[in-house]
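So the structure is just underneath, and the comments pick up after that.
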Amino acid sequence: MAEPAGFYTDTTVCIGCKACEVACHQWNALPARNGGEVPLSGLSYDNRVALSDVDWRHVKFIEQFSADRTRARWLMMSDVCKHCVNAPCLEVCPTGSIVRTEFDTVYIQEPVCNGCRDCITACPFGVIHVSAEKHISQKCTFCYDRLQNGLVPACAQACPTRSIEFGPIAELKQRALDRVGQLHGQGASEAYLYGADAKILGGLNAFYLLMDPPETYGLPAAVQAQVPSRSVWPASVKAIVASLVIACGAFVSFGRRKREVAMTEGKGGSSR
Amino acid sequence: MNLELNTSIADPQWHGLIVWYFFLGGIAAGAYVMAALADLFGDTDDRPGVRVAYYIAFPLVGVCGLLLTIDLGRPERFWHMLIQSNTGWPMFKWWSPMSVGSWGLSAFGLFSFASFVGILTEDGWLGLKRFSPLASRLRTGLTGRLFALGGSLSAFFLGSYTGVLLTASNQPVWANTTWIGALFLASAASTGIAAMVLLDRSLKLDIKESVIEHLEQLDSWAIVLELVMLAIMAISLGRLSRFAFGTWPGLLIPAFVVPVGLIFPLLVKRWADTRSAVTASIFVLVGGFVLRAAVVGTPLPILSLTTVGR
């Protein structure tokens, strides 16, 4: 098995050039929506708005202003599938379409997927969408075909500021920790890593260096991203208890009715 | 907006057909459970009611299978739920409610089909009259009792797993409570009985008045259980219940399902005449459908935020 690979995205050096989006579209031959016509969203420089079936990379633009609007801060973040260590989509997939590759990434086998969309309910990051053309689930493949041929994923290759870095997970984590230390040393004490440790779904193979709480970037807090199987047993036990209540209720009720009928017939018999 | 809500989700588009599946599957499961329990604990007076249940369970579950298949993005690959397309081995993941549900639905399909054929045979339909005594013997013997037990277990499963399926996700509200399965089961029982009563009254079948009264009583208990489940679910959601039951379409639960689909039928049942039984059953069925539509739709307000927030 190859070494686990991942993305480390340093949002502090993202300039919002969208080269990653373009490279992803180009390599994966992803079609343009609306015949290439892009309606303006009114959300900063972000007209792609969200990840979708044909947008597997999405650069988020977050504008923050002070109350009097004299000061502003612009956060940018290239969003992608997190290739979670305990991937909820992979866990729930009933067809076995979603698999873990030899690079520890999460991959949808297109010929197996039947478009049930259970993976969409499971993903806490809103990554997976159903293709309007293929009618199956779609998301970042981590450029599986490129990895198999020893190439760097297209987005990381195209990133001009090295905001998106690709490599072995252990190496990336060390690099990210060093960068956090550097930022803290420069006084940016708010810098932290999101998804580098095991708190969120056992760890995210695409993790981030962020400067604000996750919610600011449209990312869920650790408590909001859980493996779906955590609730299968508690929910099942409650359903079983409800079943027993109904069965016992029916048992008692049928028994009582039988006794009543027997009593009525007995009275009828004695009166005759 | 409550910060406990994850606004980073995508819409699975489990809307129309899935809601109908949850509703019709619930009726089939509820009716079958009552019929199987009547087979186990009831007497000969219950037979006409049992027949009605077995006559409706299999056609309904057939419709359910059709709805689920049509709803798939690639319907021709429906069998991938049960068979691994690349190896031919069975596809089963006990930790995935949809995988277990596919097998559970298939099992219920087989049980309800066998019961359907059994009733057809006993009633002498399709030229099967000569096998009628054999079918009766099988039903009343040990085989029949074991079969009713297995069938009721599969029906209990079908009535509840859809709620567990919603819970095993990361969608707001669905994932924040583990009571949806129990709630759907109580609703399945009440709608299943309501369908049996409605069919008897509408088609003027030969179910004894005492049996109908008994079914009505069971339905009342199921409705009370449903109300209790709803209350527990609201408590389990904590602060989120304000979002779940205070925004569209979850708002329909306190505004319509509880007063019109549950409490009103309970009150109507107290009138206890033929027309009231029909009225109560109609309201229970409408309430059961709206309940599922509202529960399935509870994350929808978040989805509108998802687009705006990004």
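All of these numbers come straight from a predicted model, not from anything done at the bench. In the text below, chain A, chain B and the rest are named by the order of the sequence lines, each starting its count at 1.
Counting heavy atoms from C-beta on, the side chains of B:Val100 and B:Tyr161 never come closer than 4.5 Å.
When heavy atoms are compared at a cutoff of 4.5 Å, A:Ile128 approaches chain B solely by way of its backbone atoms N, CA, C and O. If you measure heavy-atom distances from B:Ser210 to chain A, the contacts under 4.5 Å come from both the backbone and the side chain. With a 4.5 angstrom heavy-atom cutoff, A:Arg230 touches chain B only via side-chain atoms. B:Phe78 touches chain A through its backbone: at least one of N, CA, C or O sits under 4.5 Å from a heavy atom, while the side chain does not. Residue contact with chain B, scored on non-hydrogen atoms closer than 4.5 Å, involves the backbone and the side chain of A:Val92 alike. In this structure, chain B has no heavy atom under 4.5 Å from any part of A:Cys119. For chain B, no part of A:Val241 is nearby; none of its heavy atoms comes within less than 4.5 Å. Contacts between A:Pro220 and chain B at a heavy-atom distance below 4.5 Å involve backbone atoms as well as side-chain atoms.
The minimum heavy-atom distance linking A:Ala132 with A:Asp53 is given by the pair N-OD2, 3.2 Å.
Between A:Tyr107 and A:Tyr144, the angle of the ring planes lies from 30° to 60°, which puts this pair in the tilted group. Taking the six-membered ring where the residue is Trp, A:Phe7 and A:Phe142 present parallel rings, their angle staying beneath 30° rather than reaching 60°. Using a 30° and 60° split on the angle between ring planes, B:Trp94 and A:Trp233 fall in the tilted class, from 30° to 60°.
Ranked by heavy-atom pairs under 4.5 Å with chain B, the list A:Gly249, A:Ser97, A:Ser131 is led by A:Gly249. Contacts with chain A were tallied for B:Gln217, B:Gln84, B:Met229, B:His214; B:His214 has the most, counting heavy-atom pairs under 4.5 Å.
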>> Quick one, A:Asp79 with A:Lys60, criterion salt bridge (charged side-chain N to carboxylate O under 4.0 Å, His left out). Give me CA distance, side-chain angles, the key distance, then yes/no.
In response: CA-CA 7 Å; A:Asp79 196 16; A:Lys60 296 180 176 183; 3.5 Å; yes
